[in-house]
*Asks:* 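I'd like to ask you about the structure that follows.
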Amino acid sequence: MKKLAALVLALVMMASFASFVSAEEGYNMPAMNTTDPITLSLLTWDDFELTRALADKFTEKYPNITIEIIQTTTADVNGTLTNLAADNNLPDMFFWLDLDVLLSNKLMMDITEYIENDEEAQTKLYPSLRNVGYVDGQRCFFMPGENLPAIIYLDKTVFDKLNRELPSQDWTWEEMLELIETMTDPSQGIWAYNFFMGPVTLGPIALTDNVTGEFGWDGESYNFGTGWVEMIEKQADYARLGYQAIGGSEEYLAVVPDDMWPGESGHVAIQMDAYWTMNNIYTQTAALERGLQMVPYNAPIGEGVENGGQFSWIDMVSISATCEHPREAYEALKFLTWGKEGWLARAELYPTITNEAGDKLYRLAGSLPMIEDEEVAAAMAAIMPDLGYWNDWENFFKAIQNPVTFGGRTIPGFNTFITDFYHNSDFAGYVGIEAAINAKAVDPYDYTDTLDEAGRRYYDDAMATFFSVYGQP
């Protein structure tokens with residue numbers, strides 16, 4: 001009898017401890033109403049075939065929930081959202097590009113209850129993505145929807161011509177600059193680098209501790225004195241010194257008379273570009289037949305920088321303020337974007353999706369995971385292509401886990417600041433600070449405080465608008 005009593009007591013204590021741990025961790029997700037027929041709509045501009053296949057997978061799990069896909073384009077998404085809101089016809093879930101548009105119109109639902117009680121969101125999302133939706137630091141209004149990192153492509157063919165070794169996947173910002181500054185060889189018609197997003201964009205993120213946004217934004221202020229001020233000068237110097245391949249220039253046309261894009265010409269050692277370029281160009285037959293051997297690298301972080309970031313195109317997603325089934329919408333949106341179950345489904349789907357002609361749409365995954373999970377990493381690495389000249393996707397994945405995206409997607413007031421002040425204000429008679437610096441009309445070191453202060457003013461104005469529309473927390 002004593003043994004039975006002891007056993008009962010132990011079970012009660014275990015149950016109490018489990019409840020205590022659950023309460024301590026705070027993961028108490030509201031139950032889903034999964035019995036009534038529900039249709040949820042999603043507005044998106046890309047990957048329609050994959051999104052449809054993922055939506056069908058979600059419906060297999062929850063047969064009463066149907067997901068309707070509404071197609072738009074990146075050019076039209078802002079207008080589409082505002083027009084649908086004016087017609088009281090917002091989709092239940094939507095991708096978006098410009099945070100300021102959403103702050104001045106009450107389009108987003110507060111999803112704090114769900115995100116903070118979701119263990120996967122709190123422990124699996126990359127740390128740099130766990131707080132992106134907290135506009136006021138207290139309420140969460142959006143989540144990461146797609147991860148398309150900036151990639152630094154190193155052409156192994158060019159490195160071999162110059163008898164240079166490729167760096168390791170855990171290279172540093174300083175190593176990258178050393179390559180840019182030493183790999184131009186006019187005798188062989190080789191330029192060190194070309195870029196889509198250059199040092200002035202990547203540098204402030206890579207070289208600033210505790211960075212959460214562009215130009216060294218740390219959640220409260222910009223830091224133009226770190227990263228930006230050095231890289232704005234270096235980027236101009238690299239063009240002046242002939243390290244950068246400039247399409248259309250006399251020097252470039254002398255080597256590449258058909259003016260092919262430098263990044264696929266075979267005459268550039270380093271191409272600073274986007275993840276999707278691997279699928280769209282570098283794994284295509286035409287590039288491979290020209291001898292391009294592009295090895296993907298992360299945008300590196302500076303030596304001694306403890307929490308620098310890696311620039312990435314992170315498309316954000318929200319649940320609409322008018323959604324009638326927010327709990328179900330949260331689960332669906334998580335599955336379609338960053339959640340583990342959805343990524344395991346993607347690993348199955350990417351190799352199978354074809355276009356109308358029957359050709360595979362994806363030579364490699366169309367986007368990359370946003371969670372720390374060994375099972376997901378293994379499943380995704382298994383479907384990535386062996387390029388023949390390189391196949392180290394495992395270490396590549398490990399090196400891209402601190403993504404930081406465009407300021408306009410996470411920093412209130414950023415787009416207005418960049419458009420009105422940074423690019424279009426008068427600086428010593430030049431329109432835009434970069435134009436004035438490139439013309440050597442101003443010293444960038446004299447303007448770091450001015451830019452920090454102006455950026456903060458635009459942030460404060462945007463937050464005032466946000467509070468007037470969404471209310472105080």
Side-chain angles (χ1 to χ4, degrees), residues 22 26-72 77 80-81 84-85 87-96 106-125 133 140-146 315-354 366-367 369-371 373 375-376 379:
S22 178
Y27 306 131
N28 187 23
M29 182 69 82
M32 280 180 60
N33 173 19
T34 56
T35 58
D36 297 333
I38 293 171
T39 297
L40 298 171
S41 54
L42 170 70
L43 179 72
T44 186
W45 57 72
D46 198 9
D47 289 332
F48 302 124
E49 296 87 354
L50 175 72
T51 304
R52 178 70 270 157
L54 279 172
D56 291 343
K57 287 280 190 181
F58 184 78
T59 298
E60 288 178 14
K61 182 177 181 181
Y62 299 104
N64 63 302
I65 301 177
T66 302
I67 298 176
E68 173 191 358
I69 309 298
I70 302 172
Q71 298 184 13
T72 186
V77 64
T80 299
L81 283 171
L84 289 172
D87 293 338
N88 295 314
N89 193 29
L90 272 175
D92 296 292
M93 309 168 289
F94 56 89
F95 279 80
W96 53 266
K106 196 170 185 179
L107 307 184
M108 302 181 292
M109 178 175 288
D110 180 352
I111 59 171
T112 312
E113 175 186 13
Y114 306 124
I115 203 86
E116 291 189 352
N117 287 295
D118 183 345
E119 181 177 5
E120 192 174 340
Q122 297 299 311
T123 64
K124 292 284 190 177
L125 271 172
C140 184
F141 290 90
F142 56 90
M143 307 185 291
E146 187 172 42
D315 299 326
M316 301 298 176
V317 289
S318 290
I319 296 173
S320 76
T322 57
C323 179
E324 295 180 357
H325 304 283
R327 175 68 183 89
E328 289 79 3
Y330 175 84
E331 210 64 43
L333 199 53
K334 172 183 171 180
F335 187 92
L336 295 170
T337 57
W338 59 266
K340 176 176 180 175
E341 284 188 278
W343 273 96
L344 293 178
R346 284 171 186 254
E348 296 178 11
L349 292 170
Y350 273 128
T352 69
I353 303 292
T354 59
S367 60
M370 293 170 275
I371 59 172
D373 186 273
E375 188 178 0
V376 167

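Worth saying up front: this structure is predicted, and the values here are computed from it rather than measured. Below, each value reflects all heavy atoms present in this structure, side chains not excepted, and no hydrogens, waters or symmetry copies.
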*Asks:* Determine the minimum heavy-atom distance between Met108 and Phe142, stating which atoms define it.
*Replies:* SD-CD2, 4.0 Å
*Asks:* When rounded to the nearest 0.5 angstrom, what distance separates CZ in Arg346 from CG in Leu336?
*Replies:* 8.0 Å
*Asks:* Go through the structure and list residues passing side chain to side chain donor-acceptor pair (under 3.5 Å) with Glu375, not counting sequence neighbours.
*Replies:* Lys340
*Asks:* CD1/Ile353 to CZ/Arg52 distance, rounded to the nearest 0.5 angstrom?
*Replies:*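 The distance works out to 11.5 Å.
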*Asks:* Within a reach of under 6.0 Å around CD of Glu341, are more than 12 heavy atoms found that belong to other residues, nucleotides or ligands?
*Replies:*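 Open.
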*Asks:* Can you name the closest pair of heavy atoms from Lys106 and Ala321 and give their distance?
*Replies:* O-CB, 3.7 Å
*Asks:* Quick one: does any side-chain atom of Thr66 pair with a main-chain N or O of Thr39 as donor and acceptor, under 3.5 Å?
*Replies:*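 Between the backbone of Thr39 and the side chain of Thr66 there is no qualifying donor-acceptor contact (under 3.5 Å).
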*Asks:* Quick one: are Met93 and Leu40 in side-chain contact, heavy atoms under 4.5 Å?
*Replies:*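 Heavy-atom side-chain distance check passes, below 4.5 Å.
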*Asks:* Which atom pair, heavy atoms only, marks the closest approach of Gly339 to Ile371?
*Replies:*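 Where Gly339 meets Ile371 most closely, the heavy atoms are C-CD1, 4.4 Å.
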*Asks:* Would you check if the side chain of Asp118 reaches a backbone N or O of Tyr114 as a donor-acceptor pair within less than 3.5 Å?
*Replies:*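 Side chain of Asp118 to backbone of Tyr114, a donor-acceptor pair under 3.5 Å: no, none is there.
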*Asks:* Any chance you could measure Ile319, atom CD1, to His325, atom NE2, to the nearest 0.5 Å?
*Replies:* 12.5 Å
*Asks:* Do the non-hydrogen side-chain atoms of Asn88 and Thr322 ever get within less than 4.5 Å of each other?
*Replies:* no
*Asks:* At what distance, to the nearest 0.5 angstrom, does CD of Glu113 lie from CD1 of Ile111?
*Replies:* 11.0 Å
*Asks:* Heavy atoms, side chains only, cut-off 4.5 Å: are Ile115 and Tyr330 in contact?
*Replies:*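 Answer yes - side chains close enough.
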*Asks:* Under a 4.5 Å cut-off applied to non-hydrogen side-chain atoms, are Thr44 and Ile69 in contact?
*Replies:*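 Touching, per the 4.5 Å side-chain cut-off.
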*Asks:* Restricting to ring-ring contact (aromatic ring centres under 6.0 Å, His included), what partner residues turn up for Phe335, sequence neighbours left out?
*Replies:* Phe58
*Asks:* Is it true that Ser320 and Asp92 share a donor-acceptor pair across their side chains at a distance under 3.5 Å?
*Replies:* no
*Asks:* Is there a donor-acceptor contact under 3.5 Å from the side chain of Gln122 to the main chain of Asn117?
*Replies:* no
*Asks:* Looking only at non-hydrogen atoms, find the nearest pair between Leu43 and Pro91 and report the distance.
*Replies:*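 Nearest pair, atom of Leu43 first, then Pro91: CB-CG, 3.8 Å.
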*Asks:* Apply side-chain contact (heavy atoms from CB on, under 4.5 Å) to residues Glu331 and Tyr62 and explain how you reach the verdict.
*Replies:* CA-CA 10 Å; Glu331 210 64 43; Tyr62 299 104; 4.2 Å; yes
*Asks:* Mind checking whether Tyr350 and Trp343 have parallel, tilted or perpendicular rings, split at 30° and 60°?
*Replies:*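 Tyr350 vs Trp343 ring planes: tilted.
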*Asks:* How far does CG of Leu84 sit from CZ of Phe94, to the nearest 0.5 angstrom?
*Replies:*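 That separation rounds to 10.0 Å.
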*Asks:* Nearest 0.5 Å, please: how far is CD in Glu146 from CH2 in Trp45?
*Replies:*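 It comes to 8.0 Å.
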*Asks:* May I ask you to decide if Val376's main-chain N or O and Asp373's side chain share a donor-acceptor pair within less than 3.5 Å?
*Replies:* yes
*Asks:* Could you walk me through whether Thr337 and Phe95 satisfy the side-chain contact (heavy atoms from CB on, under 4.5 Å) test, starting with their C-alpha distance in whole Å, then the side-chain angles of each, then the deciding distance to 0.1 Å, before giving a yes or no?
*Replies:* CA-CA 10 Å; Thr337 57; Phe95 279 80; 4.0 Å; yes
*Asks:* Mind checking whether Glu328 and Asn64 have side chains closer than 4.5 Å, heavy atoms only?
*Replies:*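 Side chain of Glu328 against side chain of Asn64, heavy atoms only: no contact under 4.5 Å found.
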*Asks:* For a quick test of reading the model, state the closest non-hydrogen atom pair linking Leu125 to Pro144 and the distance between them.
*Replies:*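 In this case the closest contact between Leu125 and Pro144 is CD2-CG, 4.0 Å.
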*Asks:* Could you tell me which non-hydrogen atom of Cys323 sits nearest to which non-hydrogen atom of Met109, and how far apart they are?
*Replies:* O-CE, 3.6 Å
